[in-house]
Amino acid sequence: MKLSKAGLGTMRVNKLDEMYPAQDMLLQSGQLVQYGTGIFGYNNITMLVKRNVERIIEECLNEVGCIEIQLPTLQPDTIWKKSGRWDTYVDDGTMLVVKSDRGDLCLAPTAEEACIEFVAEKLKSYKHMPATVYQIGEKYRNEIRTRGYLLRGRSFLMMDAYSFDTDLKGLEKSYENVRNAYIKIGKMLGIELLPVIANNGAMGGKKSEEFMLVSPIGEDTILYDEKRKIALNTEVLEKENYEEYLKEEYGIEDISNLKTTKAIEVGHIFQLGTKYSDSMDIGFIDKDNTKKPYYMGCYGIGVSRLVAAIYENSVIKDERGNVTGVSLPKEVAPYIVQIIPKLDNMEKVKEAEELYNSFEGRAILDDRDNMSMGAKMKDCKILGTPYMVILGDKVEDGKAELENTKTGEKEIIEISKIKERLFK
RNA sequence: CGAGGUGUGGCUCAGUUGGUAGAGCGCGUGGUUUGGGACCAUGAGGUCGCAGGUUCGAUCCCUGUCACCUCGACCA
């Protein structure tokens, strides 16, 4: 991307939101555009970060045998009335209802009903299971209280997966399978996604864990011990018989000496059991030729929330603690390097152009004139590009200064070796 | 839905004890600049959220309304 043609508008930012500096910066620099409470448009870079996150999630789920599908976002009230959740969600205000002359519809807040209808015609026999399907799509919830820009909006991108098994044992296996994929997703994203024991009450069913990113801006409070690999959401303690729940489902007896930490919930996985199969009366034919309910699991990842969390987790500060920008993890950064040539030096401009081309779309060339080098360096950090290459008078031809924007480390390197260095 | 707060140019905000508005940044033009947010000159851009009321006159006072933000119950 050439910045002179990017139409990014102003990048200089004023005083930033103390709680969510990274997202305020995105808004002020035009990388996010707000349309209303909890409703945002994405500019090029934020959109591409989101797409990279999607791609990583897809790869990890595909690897463990999940099948990607696409369910409708606009859904008829009929399937929701079948499960009994229409009235619940309409009454509590989370459901965005669309009235039409052909009946009521909703902008789906989640898709258990749609998914079970989807598989009902396909997973007819025990021979067709286990099966896990997933989709990545926009979800809508008329949140009574939105919060933290993309962290909780009324419209958000969510990956939702649903597993179908013939019995509880199978469900436990499918659950474990997706759980492992989630852990890998965290690794691939370059962040630590921590499995945290959650209250299973909300969706019904047995086991339930949340995947959290430890962060001071998190809404949730967790109890955590890194060595013993125990983490649980404090809301579990509000549960009746929580000791029994922890022991039976997770084999945990001792929860003393856990330290308290704030965390952002980016994923949640549930063993639903037969709840929806029963309420909607949908199932399969088992070996003994009788109809039985599916054992179902459901698994979510808030993709847009994850994007927000990654940004907030990537802020860089100056000595005085002021936020000066972000440095995205290489794993999700759409542009890995930002090239800043001294424009009145034709040799440097030529070198910059060649380097830019060699990155085949993964680099930003700052070719804006009438702007100081220093200003461009600041802008690099506002866009979140992980590396900066400066081609100026201070280095001889054929060499450049390479800076890691996260650590601030700088080195003089031969231009021909930059690409290799960044992709190793 | 309960409690608080804020609406003034693209962004951050001043201001008018009531006489229809300013700054910095950004944007346009000409020129000088070019290594961690340079400068000079010049220009464009606002029915002061919206609707009523009081007043000779309202962006300012009153009432209503809408939008947005923060805190509670809900959630990826």
Side-chain angles (χ1 to χ4, degrees), chain A residues 7-20 24-25 27-30 33-39 57 88-89 91-95 109-111 136-161 182 193 198-199 201-203 208 210-213 218-220 233 235 264-270 298-309 318 324-325 340-345 348 366 368-382 388-395 400-401 403 405 408 410:
Chain A
L8 285 166
T10 169
M11 275 192 255
R12 190 168 200 152
V13 292
N14 291 299
K15 194 176 60 189
L16 295 170
D17 191 325
E18 283 176 29
M19 192 76 165
Y20 310 104
D24 190 14
M25 183 177 289
L27 221 49
Q28 288 191 32
S29 64
V33 178
Q34 181 162 18
Y35 285 82
T37 306
I39 305 170
I57 292 172
T88 324
Y89 279 4
D91 290 350
D92 74 13
T94 48
M95 188 92 96
T110 174
I136 297 178
E138 205 69 10
K139 302 288 181 295
Y140 301 89
R141 288 182 195 173
N142 193 20
E143 296 283 353
I144 303 161
R145 167 128 162 67
T146 63
R147 198 186 160 183
Y149 306 81
L150 297 180
L151 283 172
R152 187 181 355 160
R154 287 193 289 170
S155 159
F156 59 99
L157 193 65
M158 181 162 94
M159 184 293 295
D160 44 324
Y182 271 43
L193 268 190
N199 193 334
M203 303 284 278
S208 168
E210 290 161 331
F211 281 79
M212 302 253 193
L213 186 67
E219 286 186 81
D220 292 277
N233 196 318
E235 65 189 22
I264 302 169
E265 177 194 355
V266 293
H268 202 157
I269 60 180
F270 299 87
C298 77
Y299 317 89
I301 292 179
V303 179
S304 40
R305 177 179 289 182
L306 195 43
V307 169
D318 62 15
T324 56
I340 303 173
K342 193 169 162 72
L343 289 181
D344 57 4
N345 183 328
K348 300 293 179 189
D366 199 338
R368 294 173 296 174
D369 53 15
N370 269 322
M371 211 172 160
S372 73
M373 303 271 283
K376 293 180 180 185
M377 295 175 201
K378 299 261 184 190
D379 275 356
C380 175
K381 294 178 183 178
I382 286 175
M388 177 157 73
V389 167
I390 299 155
L391 292 145
D393 294 330
K394 287 189 181 175
V395 289
E401 181 181 298
E403 177 175 336
T405 58
K410 300 170 193 171

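Lettering of chains follows the sequences in order, A, B, ..., and the numbering in each one begins at 1.
Distance noted for atom P between B:rG18 and B:rC27: 38 Å (whole Å). Here the separation of B:rG9 from B:rA21, taken at their C1' atoms, is 11 Å to the nearest Å. Comparing B:rU17 with B:rC62, their P atoms are spaced 15 Å from each other, to the whole Å. Spacing of P atoms, B:rU47 relative to B:rU42, comes out at 26 Å, to the nearest Å. Comparing the C1' positions of B:rA73 and B:rG36 gives an interatomic distance of 47 Å, to the nearest angstrom. Separating the C1' atom of B:rC69 from that of B:rG49 is a span of 15 Å, rounded to the nearest Å. Going from the C1' atom of B:rG5 to that of B:rA38 covers 39 Å, rounded to whole Å.
Residues satisfying the side chain to side chain contact (heavy atoms under 4.5 Å, CB included) test with A:Leu157, not counting sequence neighbours, are A:Lys50, A:Glu54, A:Ile136, A:Glu138, A:Val303, A:Ser304.
Between B:rA76 and A:Ser304, no contact under 4.0 Å exists linking OP1 or OP2 to a side-chain N or O. Taking 4.0 angstrom as the limit, A:Arg12 places none of its side-chain polar atoms (N or O) nearer than this to OP1 or OP2 of B:rC25. OP1 or OP2 of B:rC68 sits under 4.0 Å from a side-chain N or O of A:Thr37. A close approach under 4.0 Å does not occur between any side-chain nitrogen or oxygen of A:Lys376 and OP1 or OP2 of B:rU34.
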Distances under 3.5 Å between nitrogen or oxygen atoms of protein and nucleotides 39-42 of chain B:
none

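Between A:Lys342 atom NZ and A:Lys394 atom NZ the span is 10.5 Å, to the nearest 0.5 Å. The line from NZ of A:Lys376 to CD1 of A:Ile382 is 14.5 Å long, rounded to the nearest 0.5 Å. Between A:Lys139 atom NZ and A:Ser155 atom OG the span is 10.5 Å, to the nearest 0.5 Å.
Base pairing in RNA chain B gives the following stems of 3 or more Watson-Crick or G-U pairs, range against range and under 3.5 Å: B:1-7 with B:66-72, B:10-13 with B:22-25, B:27-32 with B:38-43, B:49-53 with B:61-65.
When distances are taken from the side chain of A:Met377 to each of B:rC1, B:rU34, B:rG36, the shortest belongs to B:rG36. Relative to the side chain of A:Lys381, the nucleotides B:rC75, B:rG36, B:rU12 differ in distance, and B:rG36 lies closest.
Only one option out of A:Val395, A:Ile390, A:Leu343, A:Ile340 pairs with A:Lys348 in a side-chain contact (heavy atoms from CB on, under 4.5 Å); it is A:Val395.
Side chains of A:Thr88 and A:Met95 form no contact here, defined as non-hydrogen atoms less than 4.5 Å apart.
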